[in-house]
Amino acid sequence: MTKTILLGAVAAGGLIAGAAAAATLDDVKERGTLNCGVATGLAGFAAPNASGEWEGFDVSLCRAVAAAVLGDPSAVEFVPTTGKTRFTALASGEIDMLARNTTWTFSRDNDLNFEFTGINYYDGQGFMVPTELGVTSALDLDGATVCVQTGTTTELNLADFFRKNNISYEPVPIETNAEAQQQYLAGACDTYTTDASGLAATRATFENPGDHVILPEIISKEPLGPLVRHGDNEWGDIVRWTLNALIAAEEMGVNSTNVADMASAAGDSPEINRMLGTEGNLGDMIGLPNDWAVKAIQANGNYGEIFEKTIGENTPIGLSRGLNAQWTDGGLLYAPPFR
């Protein structure tokens, strides 16, 4: 029922979406700010810091796009969205792009008329439970109460998993991660299910993280990535290739420390030269200055730098690279060639 209502709401805004997508690049330039949809608050991914400034893994992508387009990584208006409101906000033109741990699926790509511009985090759905329950497997959750965000693929995956394994559960619907955390800690549900990265981020904010365990089962594929509206290919290309530049920069050894020097004169690598604009005209092809990728990388660093300082093993979130390592290191990260 939730999915039907959500699809209807977005479909109703379809006419608006067509007009809103017509010239996003021009709108962003005229406005002087990028309107970027993010989570309402997920540690490591998107949350205001003590000074009220947004920071995190997804936030960094928004800032990189703003830097590429406007030359200023701070020229971003962050719009908090829930699992239910994120698609309406994008379809209506309230936001220019969505970078909110959103799973790329067939229906979202086609039926909702959105365009995913890549994958910035390969994830999968898991379960977190209090250690005191003594549960060691998701298969032991028969009859459990489960906190689950509405308007997400998580709901559907949850139903599929329990049906497939012939066990039962009672859903406890929640709107935001903050509400899920509150309900879970209050004992309103036995387990909280969402993307495994989200579970790690949530657990890291607990007073006693060690009192909670993330179960070993990963029950789905959750390729998370930024998305824009259908109908504005130029804008989609900008978001797509900004992400690709961050990924490629790590592979090619370009980072926030050396990018300025490498962009000051053509070096030995033709592909790096093309990406950084010291030769060729790739910027012209997407309506941006030739140093657009330099600005994007300077904003927060390359993909690896962003990962390590926001959600990596040395942060409270503590995520290893895993599938999100470069393809040269056994992961799935792979940027198309800059040529």
Side-chain angles (χ1 to χ4, degrees), residues 34 36 38-39 42-49 51 53-76 78 97 99-101 117-123 197 200-201 204 224-226 238-264 267 269 271-278 291-336 338:
L34 170 73
C36 196
V38 293
L42 182 61
F45 285 87
N49 61 22
S51 301
E53 298 175 344
W54 284 85
E55 59 184 15
F57 184 77
D58 288 332
V59 165
S60 295
L61 179 57
C62 300
R63 294 198 186 281
V65 173
V69 175
L70 300 170
D72 182 1
S74 67
V76 186
F78 293 100
M97 61 176 286
R100 187 201 176 280
N101 54 315
T117 58
I119 298 170
N120 69 335
Y121 193 92
Y122 291 89
D123 210 344
S197 64
L224 310 180
I238 288 171
V239 177
R240 175 180 300 106
W241 283 97
T242 298
L243 173 58
N244 285 337
L246 300 180
I247 294 171
E250 181 186 17
E251 178 187 345
M252 294 187 285
V254 182
N255 56 49
S256 59
T257 302
N258 63 23
V259 65
D261 288 339
M262 297 180 77
S264 63
S269 168
E271 184 166 17
I272 292 177
N273 294 341
R274 289 190 293 266
M275 182 175 72
L276 300 185
T278 55
D291 66 349
W292 63 275
V294 176
K295 300 294 187 185
I297 296 164
Q298 286 176 325
N300 315 274
N302 62 36
Y303 181 94
E305 289 178 282
I306 292 170
F307 191 104
E308 290 309 315
K309 68 185 176 185
T310 57
I311 58 176
E313 291 182 305
N314 294 322
T315 71
I317 314 304
L319 295 173
S320 63
R321 289 292 292 266
L323 295 177
N324 297 290
Q326 291 281 339
W327 68 284
T328 51
D329 295 324
L332 298 179
L333 281 194
Y334 189 109
F338 280 77

Quick one: are L34 and V69 in side-chain contact, heavy atoms under 4.5 Å? no
Do Y122 and L333 come close enough that some side-chain heavy atom pair is under 4.5 Å? yes
Looking only at heavy atoms, what is the nearest atom pair of C62 and V38, with distance? SG-CG1, 4.0 Å
Any side-chain heavy atom of P226 sitting closer than 4.5 Å to one from L61? yes
Just wondering, do L42 and R100 contact through their side chains at under 4.5 Å, heavy atoms? no
Going by the side chain to side chain contact (heavy atoms under 4.5 Å, CB included) test, name the single residue among L243, N244, I238 that passes it with R240. N244
Where is the tightest heavy-atom contact between D58 and A99, given as atom of each residue plus distance? CB-O, 3.2 Å
Rounding to 0.5 Å, atoms CD (E305) and CG (L246) come to a distance of 10.0 Å
Spacing of CG belonging to L319 relative to CD1 belonging to I311, to within rounding of 0.5 Å: 5.0 Å
Rounded distance [0.5 Å steps], OG1 in T278 versus CG in N273: 3.5 Å
Check whether any side-chain heavy atom of N300 lies under 4.5 Å from a side-chain heavy atom of V59, and answer yes or no. no
Are any of the side-chain heavy atoms of N314 and K309 separated by less than 4.5 Å? no
Supply the atom-to-atom distance R63 CZ to T242 OG1, rounded to the nearest 0.5 angstrom. 15.0 Å
Report yes if the side chains of N324 and Y303 come closer than 4.5 Å at any heavy-atom pair, otherwise no. yes
Keeping the roles fixed (side chain from E308, backbone from T315), state whether a donor-acceptor pair exists under 3.5 Å. no
What are the two closest heavy atoms between G301 and I306, and how far apart are they? O-CD1, 3.7 Å
CZ of R321 to CD of E313, rounded to nearest 0.5 Å, is 10.0 Å
Please assess C36 against V65 for the test side chain to side chain contact (heavy atoms under 4.5 Å, CB included), listing each intermediate value before the final yes or no. CA-CA 10 Å; C36 196; V65 173; over 6 Å; no
Return yes if some donor-acceptor pair links the side-chain N/O of S51 with the main-chain N/O of E53 below 3.5 Å, else return no. no
In short, A39 meets A46 closest at the heavy-atom pair N-CB, 4.1 Å
What are the two closest heavy atoms between A43 and A201, and how far apart are they? O-CB, 3.0 Å
In the structure I gave you, are the side-chain heavy atoms of T310 and F45 within less than 4.5 Å of one another anywhere? no
Evaluate the ring planes of Y121 and F307, with Trp represented by its six-membered ring, and classify them as parallel (under 30°), tilted (30 to 60°) or perpendicular (over 60°). parallel
Counting neighbours of CG on N49 that are heavy atoms of other residues, nucleotides or ligands and sit closer than 6.0 Å, is the number greater than 12? yes
Output for pair (E271 CD, E251 CD), nearest 0.5 Å, gives 7.5 Å
Which heavy atom of I297 sits nearest a heavy atom of A249, and at what distance? CD1-CB, 3.7 Å
